[in-house]
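To start, the structure itself, in structure tokens.
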Amino acid sequence: MDINKWKSVAVRKPTWNLLQVLCFKEYRNPASFIELLVDKEVERRAKEKGMKAKDYQVKIEKEYENGDTGKKSKHRKK
């Protein structure tokens, strides 16, 4: 398997079981269902910020690359 295209994710067994049920209901495989969930969450957060989903995605990817969480630190340096 090409590690540049695919990654593994560990989830607790009860979550995996529920994922399997949801996938069965929607005729999807787990990877496709996770993609759907991530896409919907990006859309939700973008809407919350008044942005387009693609613009929000680009923004958070840049923040990630720069090591910036996008949140202000609760602890100020003195």
Side-chain angles (χ1 to χ4, degrees):
M1 187 177 289
D2 183 353
I3 63 170
N4 294 310
K5 288 186 174 185
W6 303 94
K7 295 294 177 190
S8 298
V9 177
V11 295
R12 289 183 178 91
K13 183 69 171 147
T15 302
W16 173 257
N17 292 339
L18 187 52
L19 176 62
Q20 290 290 91
V21 171
L22 291 168
C23 291
F24 176 76
K25 287 280 195 190
E26 293 198 16
Y27 306 101
R28 296 177 181 269
N29 64 43
S32 295
F33 198 84
I34 292 169
E35 286 180 32
L36 173 72
L37 294 174
V38 171
D39 289 346
K40 284 186 174 190
E41 181 62 12
V42 167
E43 289 173 8
R44 185 191 70 77
R45 291 182 183 203
K47 184 178 180 181
E48 191 176 85
K49 298 211 179 276
M51 301 173 72
K52 293 181 181 177
K54 187 63 181 169
D55 294 339
Y56 179 75
Q57 180 181 341
V58 169
K59 177 185 180 295
I60 62 173
E61 286 174 344
K62 284 182 184 175
E63 288 173 352
Y64 177 77
E65 289 170 5
N66 295 331
D68 178 10
T69 62
K71 293 186 175 187
K72 295 182 180 176
S73 174
K74 293 181 180 179
H75 305 285
R76 290 187 179 180
K77 292 182 181 179
K78 293 184 179 180

Q.
How long is the straight-line distance from CD of Q20 back to CG of N29, given to the nearest 0.5 Å?
A. 9.5 Å
(Q) Please give me the minimum heavy-atom distance between T69 and E63, naming the atom from each residue. (A) O-OE1, 4.2 Å
Q | Distance (rounded to the nearest 0.5 Å) between C23 SG and W16 CH2 | A | 7.0 Å
Q) Do you know which two heavy atoms are closest between P30 and L19, and how far apart they sit? A) CB-CD2, 3.8 Å
Q) Looking only at heavy atoms, which two atoms of L22 and F33 are closest? And how far apart? A) CB-CZ, 3.8 Å
Q.
Is there a path of hydrophobic side-chain contacts, each under 4.5 Å between heavy atoms of I/L/V/M/F/W/Y residues, joining L18 to I34?
A. yes
(Q) Give me the atom names and distance for the closest heavy-atom approach of A46 to A53. (A) CB-CA, 3.7 Å
Q. Hey, is K40 close enough to E43 for a salt bridge, meaning N to O under 4.0 Å?
A. no
Q | Student check: side-chain heavy atoms of I60 and R45 closer than 4.5 Å | A | no
